[in-house]
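To find a chain, count down the sequence lines: A is the first, B the second, and so on, and within it residues start at 1.
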Amino acid sequence: MKVEDFDMFSVMLKQRSGLVLTKDKAYLLESRLMPVARKWNLKDLEELAGVIRTRKDEAVIKDVTEAMTTNESSFFRDQKPFDQFKAVVLPHLLQARAAKKHIRIWSAACSSGQEPYSLLMLMAEEGVKLAGWRIEIIATDISSEMVAKAKAGIYTQFEVQRGLPITHLVKYFKQVGDKWQINEDLRSKIQFREFNLLTDMAPLGQFDVIFCRNVLIYFDQPTKGKVLDNMAKLLPPDGVLYLGGAETVLGVTEKFKPMEGQRGLYVLTGAPARVAV
Amino acid sequence: MKSCLVVDDSRVVRKVARKILEELGFACTEAEDGRQAMDACAAHMPDAVLLDWNMPVMTGIEFLRRLRKMTGGQGPKVIFCTTENDLAHIQEALSAGANEYIMKPFDSEIIQTKFQQVGLL
């Protein structure tokens, strides 16, 4: 690939999605963008770059951005964050929000939906404790393809075996041909929408918990800081932010600090380091 | 070291599963059908059983029902590992006392998460 083409893709991706594409990831362009080139009847990435440069076709640019963002997920991914949600975060909210009985959760970068559905199943298992509560889960992703997949809630046999206990499969899914679809009543409880984390977050409203796991790793430092600072504005003083195992707020933003004893969980600076349970 | 009995009439499947389980730290023994598995459990009750469904002599589900009636037979975590991938089979397995269920084809990640879910890893 020509240097100027690589640079063009990398600048464009940075602007559009915050994705930082280093030279050692050039192979990713080849493997992920060839299908996009074929879709638009273009011979290779050079032609694809040419089209973007000259025509600035939004539809093509959107396809490129979506193809380059990583969509990896599994049910109850890493397990620990969900254990913490059940043991620490949810008990606190049940107490602190007892008056209004309303919890709002944002799954930012939800990919194909496993994270919000896992949360929903977890809460369904809690059953009576949440009777009469209004639980709102907003799940967003930059990719319209992923949002559509998440909304449909249809997964392959491989996908439903990664992290999902068999009892949950039986309870919350129905078999559709050789695939598995999450039950309608669960699907209707999540609001899925397309959303770019680099844009204005205020319209999303306030959240009690934000899941933003394994997204920041693709951003450079200033972008990470900007996204986290904006997320801080959406949380109440006892709000909780989840980051992925390889991510941290240290040296990135002053707005968050690690929650004491809870790896991967962050609270607003100035808030007590422990939440009352 | 935790022990796992691998029950499958296919030598290849036993070999693949055994390799994955040994890498996860299990001491493995093998059986070719439900009857052999019964004998193995009577001699020594394992911590886990990875169990195929369709086998000659005695099927996996029949073995499971008999195992759960044996002295100490409530102990082992039983994980089905079968090409039967419909809801009816899964429900039958669970009501017969299976702890987890793997639909073939499987890979090491699936085996690992399933053994985590039953609390053996």
Side-chain angles (χ1 to χ4, degrees), chain A residues 70-87 111-112 114-115 117-119 121-122 124-125 153-187 213-214 244-245 263-264, chain B residues 4 7-8 13 16-17 20-21 23-24 48-54 60-61 64-65 67-68 74 76-121:
Chain A
T70 301
N71 298 301
E72 193 198 301
S73 194
S74 64
F75 288 100
F76 297 97
R77 185 173 179 187
D78 304 331
Q79 191 55 48
K80 185 92 197 294
F82 295 94
D83 294 342
Q84 290 166 312
F85 186 81
K86 193 172 153 178
S111 188
S112 39
Q114 285 94 330
E115 182 177 85
Y117 286 132
S118 298
L119 282 169
M121 286 186 271
L122 187 159
E125 292 291 308
I154 299 172
Y155 300 96
T156 65
Q157 187 169 296
F158 259 101
E159 287 171 318
V160 296
Q161 299 205 82
R162 295 193 192 285
L164 192 67
I166 196 70
T167 46
H168 283 38
L169 182 72
V170 170
K171 211 161 151 185
Y172 301 113
F173 288 76
K174 67 169 194 253
Q175 203 164 14
V176 184
D178 60 350
K179 301 240 171 92
W180 296 82
Q181 183 172 35
I182 196 137
N183 291 337
E184 166 66 30
D185 62 323
L186 284 190
R187 267 183 292 140
R213 303 162 62 213
N214 310 304
R263 210 181 139 81
Chain B
C4 183
V7 191
D8 201 301
V13 172
V16 172
I20 294 169
L21 286 162
E23 275 165 13
L24 293 172
V49 181
L50 188 75
L51 184 63
D52 188 18
W53 192 299
N54 296 303
I61 194 79
L64 174 57
R65 293 203 175 99
L67 170 74
R68 291 309 190 206
Q74 290 294 321
K77 302 286 185 194
V78 175
I79 296 139
F80 260 104
C81 185
T82 168
T83 51
E84 302 294 350
N85 63 357
D86 57 287
L87 203 52
H89 275 90
I90 298 172
Q91 276 164 335
E92 189 181 352
L94 290 175
S95 58
N99 301 89
E100 259 300 340
Y101 197 103
I102 294 168
M103 296 174 269
K104 288 177 183 169
F106 59 87
D107 60 11
S108 58
E109 199 191 322
I110 290 175
I111 297 243
Q112 190 176 355
T113 60
K114 293 293 183 182
F115 276 74
Q116 276 165 356
Q117 275 156 6
V118 298
L120 286 174
L121 282 173

Problem set entry | side-chain contact (heavy atoms from CB on, under 4.5 Å) partners for B:E23, two or more places apart | B:K19
For this session: Please list, chain by chain and in numerical order, all residues satisfying side-chain contact (heavy atoms from CB on, under 4.5 Å) with A:K171, sequence neighbours excluded.
Result: A:E125
Problem set entry | Pairs involving residues 97-112 of chain B, ordered by first then second residue, that meet salt bridge (Lys or Arg N to Asp or Glu O under 4.0 Å) (sequence neighbours left out) | A:R162-B:D107, A:R162-B:E109, B:D8-B:K104, B:D52-B:K104, B:E100-B:K114
Exercise. Looking at side-chain heavy atoms only, is the closest gap between B:I110 and A:F158 below 4.5 Å?
Worked result: yes
For this session: Mind checking the OH-CG spacing from B:Y101 to A:L169? Nearest 0.5 Å is all I need.
Result: 10.5 Å
Exercise. Does any heavy atom of chain B fall under 4.5 Å from the side chain of A:Q161, the backbone, both, or neither of them?
Worked result: both
Exercise. What residues of residues 86-96 of chain B sit under 4.5 Å from chain A when you count only heavy atoms?
Worked result: B:D86, B:L87, B:I90, B:Q91, B:L94
For this session: Test A:F76 against B:Q117 for side chain to side chain contact (heavy atoms under 4.5 Å, CB included), laying out the working first.
Result: CA-CA 11 Å; A:F76 297 97; B:Q117 275 156 6; over 6 Å; no
Seminar exercise, completed: Rounded to the nearest 0.5 angstrom, the CG-CE distance for A:D178 and B:M103 is 11.0 Å
